[in-house]
S.K.: 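Take this structure, written in structure tokens, and hold onto it; I'll ask about it next.
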Amino acid sequence: MITWRRLHEGDFALLREWLAEPHVARWWHHDTSAEAVARDFGPAARGEEPSEDLLVMLDSAPVALVQRCRFADYPDYRAELAAQLELPDTAVTIDYLIGDPARVGRGLGPRIIETVVAKTWTDHPDAAAVVVPVHATNRASWRALEKAGLRRIGTADLDPDNPDDDRIHYVYRIDRPADAIPAPLPDRG
């Protein structure tokens, strides 16, 4: 069973280990010092930033991190992507990593993505779509998105997380299914 909760400051040591794993470091390219992790993940953990950093568990064991946010909460990022592709005003995006290298390549990524996307429709009832840019050479990541039901809608020229990479990203999207559209509230007038 896949569940999650918000990342807490007490999870930072585990997150530092995950960020140092070669399969994660290649794409996230994050400073793994305690200070850097606290600086970059602390505001979301304390609720001071609108993004959600979610610690994902498989049968209660932590296995992954998912970051979820509304593009509207990050206007510069939204503007950069919206200048290149159609981006609904209420779109949400995710980023993700599987921490334990023993769990990579076993189908867990698509399951996590599919579960988080499905929950996004209830957690964010106005979200019209989930839109995910992923570096074009990160085949494992974009294949996980495809297996989770997202479709490639184009390419975008975006800053990469790893400065060694070029700027080419594939952009994936899934729209809110018709059965996930919230019913209008009854008129109480």
Side-chain angles (χ1 to χ4, degrees), residues 1-9 11 15 27-28 40-58 62-98 108-135 138 141-161 169-189:
M1 173 180 281
I2 295 172
T3 59
W4 58 83
R5 62 167 171 76
R6 280 209 180 242
L7 187 73
H8 300 185
E9 291 181 350
D11 302 317
L15 181 57
W27 299 109
W28 281 62
D40 296 340
F41 294 89
R46 293 187 300 273
E48 300 166 359
E49 189 173 313
S51 68
E52 301 168 282
D53 291 343
L54 308 171
L55 185 67
V56 179
M57 273 80 65
L58 180 64
V63 294
L65 175 77
V66 172
Q67 293 181 313
R68 182 172 63 178
C69 68
R70 296 173 181 275
F71 280 99
D73 290 333
Y74 297 89
D76 291 343
Y77 185 41
R78 185 196 187 294
E80 182 180 26
L81 189 57
Q84 300 177 62
L85 296 163
E86 179 193 345
L87 186 63
D89 290 338
T90 59
V92 170
T93 191
I94 60 172
D95 200 356
Y96 40 84
L97 65 85
I98 295 176
L108 183 58
R111 287 177 52 207
I112 290 171
I113 293 166
E114 187 174 348
T115 304
V116 169
V117 166
K119 188 72 168 115
T120 296
W121 307 136
T122 55
D123 291 350
H124 299 278
D126 67 333
V130 174
V131 178
V132 184
V134 62
H135 195 273
N138 190 348
S141 185
W142 54 260
R143 286 292 297 139
L145 290 166
E146 290 171 351
K147 290 176 183 175
L150 284 81
R151 70 186 192 294
R152 188 181 304 176
I153 60 167
T155 59
D157 180 38
L158 302 170
D159 284 334
D161 289 332
H169 287 70
Y170 294 149
V171 181
Y172 284 82
R173 176 175 171 161
I174 189 167
D175 292 320
R176 174 181 291 278
D179 63 348
I181 295 174
L185 295 173
D187 184 8
R188 304 239 183 229

S.K.: Output yes when a side-chain donor or acceptor of S141 lies under 3.5 Å from a complementary backbone atom of N138, and no otherwise.
M.R.: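 No; zero donor-acceptor contacts below 3.5 Å.
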S.K.: Please determine whether side-chain contact (heavy atoms from CB on, under 4.5 Å) holds for the pair W4 and I112, giving the CA-CA distance in whole Å, both sets of side-chain angles, and the decisive distance to 0.1 Å.
M.R.: CA-CA 10 Å; W4 58 83; I112 290 171; over 6 Å; no
S.K.: Give a yes/no verdict on a cation-pi contact between R152 and Y170, requiring under 6.0 Å between NZ or CZ and the six-membered ring centre and an angle within 45° of the axis.
M.R.: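 Yes, cation above the ring, under 6.0 Å and within 45°.
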S.K.: Return yes if a side-chain donor-acceptor contact under 3.5 Å exists between Y172 and E146, otherwise no.
M.R.: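 Side chains of Y172 and E146: pair found under 3.5 Å.
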S.K.: Using a 4.5 Å cut-off on heavy atoms from C-beta on, say whether the side chain of R78 contacts that of L87.
M.R.: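 L87 reaches R78 side chain to side chain.
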S.K.: Hey, does M57 have a side-chain heavy atom less than 4.5 Å from the side chain of M1?
M.R.: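 Side-chain contact under 4.5 Å: no.
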S.K.: Is there a donor-acceptor pair closer than 3.5 Å between any side-chain N or O of R176 and the backbone N or O of P125?
M.R.: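 Judged by distance alone, yes, a pair lies under 3.5 Å.
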S.K.: How many angstroms lie between CZ in R6 and CG in L54, if you round to the nearest 0.5 Å?
M.R.: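 Output value for this atom pair is 7.0 Å.
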S.K.: Please evaluate residues F41 and Q67 with respect to the criterion side-chain contact (heavy atoms from CB on, under 4.5 Å), reporting the C-alpha separation (whole Å), side-chain torsions for both, the decisive distance (0.1 Å), and the verdict.
M.R.: CA-CA 10 Å; F41 294 89; Q67 293 181 313; 3.4 Å; yes
S.K.: Is there a side-chain contact between W121 and I174 (heavy atoms, below 4.5 Å)?
M.R.: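 A side-chain contact under 4.5 Å exists here.
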S.K.: Could R173 and D175 be called an ion pair, given the rule that one side-chain N must be under 4.0 Å from one carboxylate O?
M.R.: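 Yes, this pair counts.
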S.K.: Taking the side chain as everything from C-beta on, heavy atoms only, tell me whether V171 gets closer than 4.5 Å to T155.
M.R.: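 No, every pair of side-chain atoms sits at 4.5 Å or beyond.
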S.K.: Pick out which of D11, D95, L97 makes a side-chain contact (heavy atoms from CB on, under 4.5 Å) with L65.
M.R.: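 It is L97, the one option of D11, D95, L97 that forms the side-chain contact (heavy atoms from CB on, under 4.5 Å) with L65.
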S.K.: Checking T93 side chain against C69 main chain: does a donor-acceptor pair fall under 3.5 Å?
M.R.: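 No; zero donor-acceptor contacts below 3.5 Å.
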S.K.: Once rounded to the nearest 0.5 Å, what's the spacing between atom CD1 of I94 and atom CZ of R68?
M.R.: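 Going from the CD1 atom of I94 to the CZ atom of R68 covers 9.0 Å.
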S.K.: Would you call the rings of H135 and H169 parallel, tilted or perpendicular if under 30° counts as parallel and over 60° as perpendicular?
M.R.: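 Ring orientation, 0 to 90° scale: perpendicular.
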S.K.: Does any part of the side chain of L108, heavy atoms only, come nearer than 4.5 Å to the side chain of L58, both counted from C-beta?
M.R.: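 Of all side-chain heavy-atom pairs linking L108 with L58, at least one is under 4.5 Å.
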S.K.: Is the shortest distance from a Lys or Arg side-chain nitrogen in R70 or D126 to a carboxylate oxygen in the other one below 4.0 Å?
M.R.: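 Answer for the salt bridge query: yes.
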S.K.: Are any of the side-chain heavy atoms of E49 and Y74 separated by less than 4.5 Å?
M.R.: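 Answer yes - side chains close enough.
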S.K.: Does a side-chain N-to-carboxylate-O contact under 4.0 Å join R111 and E114?
M.R.: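 No salt bridge links R111 with E114.
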S.K.: Could you tell me whether the side chain of I113 reaches within less than 4.5 Å of the side chain of Y96, counting heavy atoms only?
M.R.: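 With C-beta onward as the side chain, the pair touches.
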S.K.: Answer yes or no: is there a side-chain heavy-atom contact under 4.5 Å between F71 and E80?
M.R.: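 A side-chain contact is absent here, since even the closest heavy-atom pair is not under 4.5 Å.
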S.K.: What do the steps show when you test D161 against W27 for side-chain contact (heavy atoms from CB on, under 4.5 Å), and what is the final call?
M.R.: CA-CA 7 Å; D161 289 332; W27 299 109; over 6 Å; no
